[in-house]
Amino acid sequence: PGLELLDRCGAGTADDSACYREYPIAGTQKAGHLVVDGVGAVWYTAYAGGNHLGRLDPTTGATRVFPLPPARQGSVFGSAVWEIAIKHNGNIVFSEFADAEVGEFDIAQVDNPACLELDANHQNPCIRTLSLTNPEPGGRVVHSLAVDAMDNTWFTHGGGGAPADPLRAPEIGYATA
């Protein structure tokens with residue numbers, strides 16, 4: 001019981017039971033949330049200034065960056081990728097806070113080099129995006145999300161404006177797509 005202070009593991013440390021490991025991630029000022037998939041890869045959201053999903057292989061320390069389209073409303077955070085979850089088929093779902101969107105990465109495409117860049121239409125060919133509202137500065141946002149047993153993606157939606165404004169009132173919803 002009590003507070004135990006851990007130090008960062010040094011290079012070459014084989015036994016990490018008394019220390020913690022960290023892995024550098026490039027291309028973002030702040031990571032949001034993370035999940036670990038069925039093969040042990042760590043997926044994270046690049047919330048501030050990154051505008052991408054990232055995937056870390058903790059065995060090698062290698063990361064892959066899956067870019068997202070430019071933010072539709074001009075946020076300094078990009079689309080502000082925030083929450084992340086894994087569907088039962090292994091697909092990665094995530095919220096884009098500032099754009100009020102829910103995205104889904106097709107896990108079957110994880111090794112497809114086309115996923116590592118945007119196409120001519122500024123879209124990632126491996127990500128399907130559901131727009132839940134027309135974004136505007138100070139408008140509605142999508143914050144948290146979770147996947148239920150039926151593979152519905154639940155989300156919290158709302159924000160901006162006066163609480164009495166029905167167009168900006170907080171809601172909980174889900175998408176089956």
Side-chain angles (χ1 to χ4, degrees), residues 23-147 150-157 159-160 173-177:
Y23 300 87
I25 54 174
T28 187
Q29 297 167 358
K30 293 181 178 153
H33 294 109
L34 55 85
V35 293
V36 180
D37 70 16
V39 299
V42 180
W43 291 81
Y44 63 91
T45 57
Y47 175 71
N51 211 45
H52 66 266
L53 288 179
R55 182 179 186 268
L56 166 72
D57 178 340
T59 304
T60 65
T63 58
R64 280 191 261 170
V65 169
F66 302 98
L68 300 174
R72 292 189 294 144
Q73 54 20 26
S75 168
V76 296
F77 293 114
S79 62
V81 191
W82 184 243
E83 189 73 64
I84 188 168
I86 301 175
K87 294 183 89 170
H88 295 94
N89 64 3
N91 284 358
I92 307 297
V93 291
F94 54 93
S95 63
E96 295 181 56
F97 180 85
D99 278 351
E101 295 176 344
V102 172
E104 183 170 341
F105 181 88
D106 181 357
I107 198 67
Q109 301 296 318
V110 71
D111 292 321
N112 182 345
C115 300
L116 302 175
E117 57 188 313
L118 300 178
D119 63 19
N121 295 317
H122 305 287
Q123 300 296 309
N124 188 312
C126 304
I127 295 173
R128 186 176 58 125
T129 302
L130 302 174
S131 181
L132 303 175
T133 190
N134 203 358
E136 58 186 75
R140 296 173 64 78
V141 298
V142 173
H143 190 269
S144 301
L145 60 78
V147 176
M150 302 296 292
D151 250 2
N152 296 314
T153 301
W154 288 86
F155 53 87
T156 58
H157 192 222
Y174 72 92
T176 58

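These numbers come from the heavy atoms of this one structure, side chains and all, not from hydrogens, waters or symmetry mates.
- Taken from CD1 in Ile127 to CG in Asn91, the straight-line distance is 11.0 Å, to the nearest 0.5 Å.
- Taking every heavy atom of both residues into account, Ile25 and Ala31 meet most closely at CD1-CB, 3.8 Å.
- Counting non-hydrogen atoms of other residues, nucleotides and ligands closer than 6.0 Å to OH of Tyr174 gives a total of 12 or fewer.
- Side-chain atoms of Ser144 do not come within 3.5 Å of backbone N or O of Thr156 as any donor-acceptor pair.
- If you take NE2 on His88 and CE on Met150, they are separated by 10.0 Å, rounding to the nearest 0.5 Å.
- Closest heavy-atom contact between Pro67 and Cys115: CD-O, 3.5 Å.
- Between Tyr44 and His52 the shortest side-chain heavy-atom distance falls below 4.5 Å.
- Shown here for Ile107 and Asn89, the closest heavy-atom pair between the two residues is CG2-O, 3.8 Å.
- Of the possible donor and acceptor atoms, none in the side chain of Thr176 sits under 3.5 Å from a partner among the backbone N and O of Asn152.
- The list of disulfide (SG to SG under 2.5 Å) pairs with a residue in residues 39-73, not counting sequence neighbours, is empty.
- Residue Glu104 holds its CD atom at 8.0 Å from CG of Leu130, rounded to the nearest 0.5 Å.
- Two residues are said to be in side-chain contact when any heavy atoms from C-beta on lie closer than 4.5 Å; Asp37 and Arg55 meet this criterion.
- Of the residues Trp82, Phe97, Tyr47, the one that meets the ring pair (Phe, Tyr, Trp, His ring centres under 6.0 Å) test with His33 is Trp82.
- Closest heavy-atom contact between Asn51 and Ala80: OD1-N, 4.3 Å.
- Listed by chain and number, the residues in a side-chain contact (heavy atoms from CB on, under 4.5 Å) with Val35 are Trp43, Ile84, Ile86 (sequence neighbours excluded).
- Counting heavy atoms from C-beta outward, Phe94 and Leu68 have side chains that approach closer than 4.5 Å.
- Closest approach of Pro58 to Ala41, counting heavy atoms only: CD-CA, 4.2 Å.
- Side-chain contact between Thr129 and Glu96 is present, with at least one heavy-atom pair separated by less than 4.5 Å.
- Using a 4.5 Å heavy-atom cutoff, the side chains of Leu53 and Thr45 are in contact.
- Residues Val102 and Val142 meet the side-chain proximity criterion, which asks for heavy atoms closer than 4.5 Å.
- Heavy atoms from other residues, nucleotides or ligands lying under 6.0 Å from NE2 of His122 number 12 at most.
- Taking the side chain as every heavy atom from C-beta outward, Phe66 and Asn124 approach each other to under 4.5 Å.
- Here the side chains of Leu118 and Pro70 are in contact, with some heavy-atom distance below 4.5 Å.
- Interatomic distance, CG of Leu116 versus CZ of Arg64, reported as 7.0 Å (0.5 Å rounding).
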